[in-house]
2 protein chains.
Amino acid sequence: MPEYPFDSTSALPAEAIAAAWRRELPGVPTSSIGVITPLWRVAKALADDRRRTLDRLGVDPGTLDLLSTLRRSGDPWTLTTRELAAQTLVTAGAISQRVARAERSGLVERAPSPVSRRAVAVTLTPAGHRLVEGVVGGLLAHEEGLVSALDPAERELLSSLLRRLAASVAGDGREDG
Amino acid sequence: MPEYPFDSTSALPAEAIAAAWRRELPGVPTSSIGVITPLWRVAKALADDRRRTLDRLGVDPGTLDLLSTLRRSGDPWTLTTRELAAQTLVTAGAISQRVARAERSGLVERAPSPVSRRAVAVTLTPAGHRLVEGVVGGLLAHEEGLVSALDPAERELLSSLLRRLAASVAGDGREDG
DNA sequence: TAGCCTACGTTTAGGCCTAAACATAGCGGA
DNA sequence: TCCGCTATGTTTAGGCCTAAACGTAGGCTA
């Protein structure tokens with residue numbers, strides 16, 4: 001049996017963590033804990049769930065992210081390293097490694113870009129097409145089930161709160177120099 | 001200059017991703033994308049921000065999580081590997097590695113547990129105390145600023161939606177066997 | 001045509017994680 | 001007392017990431 005990490009429902013409630021800090025180090029500001037802790041727990045639970053689901057389907061999350069981005073981009077299913085990095089939110093170095101892994105597995109091919117001679121064009125192979133097309137529908141259907149605990153109005157509300165928070169975090173923390 | 005990943009605000013909106021799937025593979029269910037995509041983007045933005053903040057303070061996120069959990073537990077600042085795994089939501093193997101790293105840095109010590117002979121008691125050293133106490137206040141103050149884009153009522157709402165979602169994800173995805 | 005700058009990719013070092021295989025410790029029954 | 005089962009930790013293989021160093025391409029200018 002695989003060794004699962006503990007799940008978020010059995011973890012200490014965020015409010016207990018905040019209370020412990022106030023008891024141990026009076027004066028530390030604890031109000032962010034109530035939102036950041038549940039956020040990370042959900043994100044981790046979703047990531048764990050996706051990793052296990054994809055494991056059963058024979059692909060890893062980084063590779064599926066790569067194949068999905070190419071597949072979604074439409075005919076001719078080709079993007080440069082730079083475009084892939086921008087759409088998947090990881091560094092160019094990470095893309096380089098993902099592409100190398102996927103290329104070893106025969107899922108994508110690298111070729112000099114027709115547009116710019118220093119760019120590299122990454123293209124889905126037939127095997128890559130088959131894999132992503134065979135997996136994406138099932139994955140999305142599964143995740144649809146996970147979020148169905150919230151009704152459509154609640155999902156919209158959650159989504160909009162998250163987008164506002166994202167704007168705040170991205171705006172801060174970066175713009176010094 | 002470090003190579004930053006692209007930030008979430010410049011990324012493709014979740015709705016554009018869903019529309020691309022509907023165009024490319026009609027029939028795939030796309031309604032989960034609107035909530036899962038923003039959720040992961042915020043989580044990643046927060047994780048990136050925390051990593052960089054802690055980097056300036058000379059500690060890594062995994063180590064701070066370990067030291068914080070011990071510090072919060074109160075006198076005598078000792079927990080077993082198992083308790084640490086339960087509270088930090090990572091596997092026992094990950095805890096073992098974190099503790100080994102922190103021990104090499106002189107921040108914690110391992111000793112046989114007085115309670116059970118097969119348990120290992122992990123305790124904060126004076127250097128560990130100094131580090132966590134010197135860092136936690138600043139980190140929480142910084143993150144307080146990040147979430148201040150939402151007013152208290154909105155934070156409470158977000159928090160409660162996230163907790164409901166966490167319960168759904170943890171309940172599903174695991175209980176087969 | 002050399003010098004410089006920027007854009008684009010890749011590689012490497014090292015942190016971090018999970019899953020799985022291993023070890024050991026204690027418990028409990030036959 | 002031997003066997004088996006469970007609890008607890010550690011180790012290893014391998015995925016995944018960032019930061020930083022490194023190549024190399026093209027453009028621009030003197």
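So that the names make sense, note that chain A is the first sequence line, chain B the second, and so on, each numbered from 1. No experiment lies behind these values; they were computed from the predicted model shown.
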[N] phosphate, OP1 or OP2, under 4.0 Å from [X] side-chain N/O:
| X | N | value |
| --- | --- | --- |
| Thr91(B) | dT18(C) | yes |
| Lys44(B) | dT18(D) | yes |
| Arg110(A) | dT10(C) | yes |
| Arg101(B) | dC16(C) | yes |
| Arg98(A) | dG15(D) | no |
| Arg51(B) | dC17(D) | no |

Nucleotide nearest [X] when distance is taken to its side chain, options [options]:
| X | options | result |
| --- | --- | --- |
| Ser96(B) | dC8(C), dT11(D), dT11(C) | dT11(D) |
| Val120(B) | dG15(C), dA19(D), dG9(D) | dG9(D) |
| Ala94(B) | dT18(C), dT18(D), dA19(D) | dT18(C) |
| Ala119(A) | dG9(C), dA19(D), dT18(D) | dG9(C) |

NA contact type, [X], heavy-atom cut-off 4.0 Å: base, sugar-phosphate, or nothing?
| X | answer |
| --- | --- |
| Thr81(B) | sugar-phosphate |
| Ala92(B) | base |
| Gly62(A) | sugar-phosphate |

In terms of side-chain geometry, is the basic nitrogen of Arg52(A) or Asp55(A) positioned less than 4.0 Å from the acidic oxygen of its partner?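 A salt bridge is absent here (no side-chain N lies under 4.0 Å from a carboxylate O).
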Basic-acidic side-chain contact under 4.0 Å: Glu144(A), Arg155(A):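 Between Arg155(A) and Glu144(A) there is no salt bridge, as every charged N stays at least 4.0 Å from the carboxylate O atoms.
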Value in whole Å for how far the [atom2] atom of [N] lies from [atom1] of [X]:
| X | N | atom1 | atom2 | answer |
| --- | --- | --- | --- | --- |
| Leu79(A) | dC8(C) | CG | P | 14 Å |
| Leu54(B) | dA19(D) | CG | P | 13 Å |
| Leu66(B) | dC17(C) | CG | P | 10 Å |
| Leu107(B) | dG15(C) | CG | P | 13 Å |
| Leu89(B) | dC17(C) | CG | P | 11 Å |
| Ile95(A) | dC16(D) | CD1 | P | 12 Å |
| Asp48(A) | dC16(C) | CG | P | 17 Å |
| Asp55(A) | dA19(C) | CG | C1' | 9 Å |

Should Arg163(A) and Glu156(A) be marked as a salt bridge (Lys or Arg N to Asp or Glu O under 4.0 Å) after you check the CA-CA gap, both sets of side-chain angles, and the distance that decides it? CA-CA 11 Å; Arg163(A) 284 192 303 261; Glu156(A) 182 46 51; 3.6 Å; yes
What about Gln97(B), does its side chain sit under 3.5 Å from the base of dC16(C) through a donor-acceptor pair?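 Donor-acceptor pair under 3.5 Å: no.
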Full working for side chain to side chain contact (heavy atoms under 4.5 Å, CB included) between Arg98(B) and Val90(B): CA-CA 10 Å; Arg98(B) 283 184 181 183; Val90(B) 297; 3.9 Å; yes
Within the distance-only criterion (no hydrogens, no angle test), does the side chain of Ser159(A) pair as donor or acceptor with the backbone N or O of Val35(B) below 3.5 angstrom?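 Not a single qualifying donor-acceptor pair exists.
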Assess, by modelled atom type and distance only, whether the side chains of Thr63(A) and Asp60(A) contain a donor and an acceptor separated by less than 3.5 Å.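 There is such a pair (donor and acceptor under 3.5 Å, judged by atom type) between the side chains of Thr63(A) and Asp60(A).
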Closest-nucleotide mapping onto DNA chain C: is Arg104(B) or Gly93(B) further toward the 5' terminus? I mean the 5' end.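 Looking at the nearest nucleotide for each, Arg104(B) comes out on the 5' side.
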Comparing Ala121(A) and Asp60(B) on DNA chain C - which has the more 5′ nearest nucleotide: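 Result: Ala121(A).
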